Amino acid sequence: MALPGASARFHEYEAAITACIERRALREGRQVHARMITARYRPAVFLGTRLVTMYVRCGALDDARNVLDRMPERSVVSWTTMISGYSQTERHVEALDLFIKMRRAGCIPNEYTLATVLTSCPGPQSIYQGKQVHSLLVKTNFESHMFVGSSLLDMYAKSENIQEARRVFDMLPERDVVSCTAIISGYAQKGLDEEALDLFRQLYSEGMQCNHVTFTSLVTALSGLASLDYGKQVHALILRKELPFFVALQNSLIDMYSKCGKLLYSRRVFDNMLERSVVSWNAMLMGYGRHGLGHEVISLFKDLHKEVKPDSVTLLAVLSGCSHGGLVDEGLDIFDTAVKEQSALLHTGHYGCVIDLLGRSGRLEKALNLIENMPFESTPSIWGSLLGACRVHANVHVGELVAQKLLEMEPENAGNYVILSNIYAAAGMWKDVFKVRKLMLEKTVTKEPGQSWIILDKVIHTFHSSERFHPSKKDINAKIKEIFVDIKAAGFVPDLSCVLHDVDDEQKERMLLGHSEKLAITFGLMNTPPGLTIRVMKNLRICVDCHNFAKFVSKVYEREISLRDKNRFHLLTHGNCTCGDYW
DNA sequence: GTAGGGTTAG
């Protein structure tokens, strides 16, 4: 039996430390700790653990670790508390090291430890450790524990092993909000947006619980799909649920509407927010940029400073907005200021935007100069944007230099050869065109397959190049030929240089007509009433010929066409596009 | 006493 005095002191210290934990009062916590040392009071495991918790919660991890290391005896709770401290501050290596130390010390991890340690295996690079933990928890029978299982499935989802994540999810004896959200967001993060939506619909019909996190993930998936109907429906559901205000959810709505082509709705969400974070502003800026509205980007950027501090993404959004909106001088000004005042925020991406800007305005030598003198290593995408500019401005000299660099960096990318051969073709240098084509056939590999989709009546219709499986294939083929005749009569000339294969011209025309975005546009034209905007999405950048095709369709059939490619929106009306033919 | 899921960009 302990002395009454010791017991009283225990209670006093315990109460004091608990108060510090609740109030996150680090200074006071240190004082209590110091008092204990002066009084030569040696805390046993429980109070020692409380001290660790206090330091962890107050963000003083190194102090916490000091206490842990000096404890004469440690419990599973003391170890777990410390590991969790590391996990939550993304000190994953230390978290895993400590977990190993704990096991070497003979301590048996419990469900708390395992759920925690799995969060310290983030991404594909730590899949090896993650699998080791997995095998441990199979042995200890924790695989189907609710918390451990959802942590495990999230680990697999984040390491891009969505099938394994799904297997774990399907094995859980029950499902709760967190496990459901984790698997849905797993699909969304991997870009499997349709799967995310399907799973949500299934689980929702089975009565799953949802909260703001679930909706945040779901809305992200809908942004990827560009499904305005579903987006509006889910937004309405969110409003009906009367959830408390959550910035991240509102931010995802801003992004979703802008990616669905409804900037006004984005702005409405943005304006109605009780509180905005820098992410809210960034999402809105990106939205304007994606739609080519450079002036709105600049004006919003000015307003932003009154409310939040711009970050690296902000600058990227503004520069890319200026580039897409054609505001060359404004963009260069903003960049110059950033170099002087916020250079710590700048990285390759920002330089890429500026090089794009310079290229767009035809200042190709300057752009080349900036690449060579920027404080970062150049990337293929930067050289690629410059090569595109060389095509637009028909500059063979710089084009050759850039292409040489680019073909060394990524010889397997067919797109680069195509652009270079286009540059030569425009200059009438046919021998060189031929050389490049030959080189391309020898070196390139097949790229990511292009696909386009259109959503009609909440059904997603996906098209691949030279679609062979769509049920309406025959009708689409007939219609596309009809369109071809109509737009040719209006002056459309197929751009055969967009075809990568070495075949005769007639076959080239046929291949061009098989491009997925043309199929989707045609399908839209066939299945929507006159006057309705045709909204088509594509997973890659749109090719010059398809862009031209869409322009002519918008003119000849008097239809507005909204095309969202990988990077931005094209709104085509009366034969013109909001991108100004530069993308 | 200790635990799992979320937003812009890349």
Side-chain angles (χ1 to χ4, degrees), chain A residues 14 17-18 21 45-54 56-57 74-85 87-88 102 109-119 142 145-155 157-158 165 168-169 172 175-186 188-189 209-221 223 246-256 258-259 266 269-270 273 276-287 289-290 311-321 345 347-350 352-353 379 381 567:
Chain A
E14 205 259 322
I17 296 170
T18 304
I21 293 173
V45 185
F46 184 86
L47 213 48
T49 308
R50 294 302 281 165
L51 272 173
V52 175
T53 309
M54 184 274 293
V56 164
R57 294 277 170 84
R74 284 164 280 261
S75 67
V76 60
V77 181
S78 2
W79 290 106
T80 305
T81 307
M82 192 66 233
I83 294 171
S84 146
S87 294
Q88 279 166 11
M102 163 187 177
N110 65 9
E111 65 273 35
Y112 289 79
T113 325
L114 295 169
T116 303
V117 80
L118 283 166
T119 62
F142 277 121
H145 181 278
M146 178 81 90
F147 277 38
V148 181
S150 41
S151 195
L152 179 66
L153 86 82
D154 190 56
M155 185 275 290
K158 290 205 169 73
V168 175
F169 177 75
L172 290 175
R175 295 159 174 178
D176 69 351
V177 208
V178 177
S179 51
C180 291
T181 305
I183 188 70
I184 292 170
S185 100
Q189 280 163 15
Q209 302 160 272
C210 337
N211 61 15
H212 62 286
V213 184
T214 324
F215 285 119
T216 307
S217 296
L218 180 62
V219 171
T220 307
S223 315
F246 287 101
V247 182
L249 177 55
Q250 303 297 316
N251 293 345
S252 70
L253 285 168
I254 294 176
D255 186 54
M256 182 271 291
S258 103
K259 287 182 178 159
S266 293
V269 174
F270 179 84
M273 284 170 79
R276 282 175 286 260
S277 66
V278 67
V279 177
S280 328
W281 289 87
N282 293 348
M284 200 64 233
L285 286 170
M286 295 267 173
R290 198 175 283 129
D311 66 4
S312 171
V313 180
T314 314
L315 293 175
L316 203 62
V318 175
L319 293 172
S320 122
L345 294 179
H347 55 73
T348 353
H350 302 90
C353 289
T379 63
S381 98
N567 296 327

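As a basis for the values below, the full set of heavy atoms in this structure was taken, side chains included, without hydrogen atoms, waters or symmetry mates. All of these numbers come straight from a predicted model, not from anything done at the bench. Naming convention: chains lettered A, B, ... in sequence-line order (proteins, then strands); numbering from 1 in each chain.
Of the residues listed (A/D154, A/D176, A/N211, A/T214), the one engaging A/T181 in a side-chain hydrogen bond (donor to acceptor under 3.5 Å, both in side chains) is A/T214, and it is the only one.
Taking atom NE2 of A/H145 as the reference point, atom C1' of B/dT2 lies 12 Å away to the nearest angstrom. Nucleotide B/dA3 holds its P atom 19 Å from the CG atom of A/L152, rounded to whole Å. Whole-Å rounding puts the A/M54 CE to B/dT2 P distance at 14 Å. If you take CE of A/M102 and P of B/dA3, they are 13 Å apart, rounded to a whole angstrom.
A/T314 and A/D311 share a side-chain donor-acceptor pair at under 3.5 Å. For the residue pair A/N110/A/T113, the side-chain donor-acceptor check at 3.5 Å is satisfied. Side chains of A/T220 and A/S217: a donor-acceptor N/O pair is absent below 3.5 angstrom, by distance only.
Across all strands shown, A/V45 has heavy atoms under 4.0 Å from base atoms, whether or not it also approaches the sugar-phosphate. Heavy atoms of A/Q88 sit under 4.0 angstrom from primed sugar atoms or phosphate atoms, though from no base atom. Base contact: A/M146 has a heavy atom under 4.0 Å from a base atom. In this structure, A/T49 reaches the bases: a heavy-atom distance under 4.0 Å links it to at least one base atom across the strands shown.
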Next on the checklist: For nucleotides 5-10 of chain B, give me one character per nucleotide, 5' to 3': B if any protein heavy atom sits under 4.0 Å from the base, S if the only such contacts are to the sugar-phosphate, - if neither.
Outcome noted: BBBBB-
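For A/H145, there are no ring-ring contact (aromatic ring centres under 6.0 Å, His included) partners at least two apart in sequence or on another chain. Applying the side chain to side chain contact (heavy atoms under 4.5 Å, CB included) test to A/S266 and every residue at least two apart in sequence or in another chain returns A/I254, A/Y257, A/S258, A/L263, A/M284.
For B/dA3, the base is not stacked against the aromatic ring of A/F147, per a cut-off of 5.5 Å between centres and 30° between planes.
Distances shorter than 4.0 Å separate some side-chain N or O of A/R57 from OP1 or OP2 on B/dT2.
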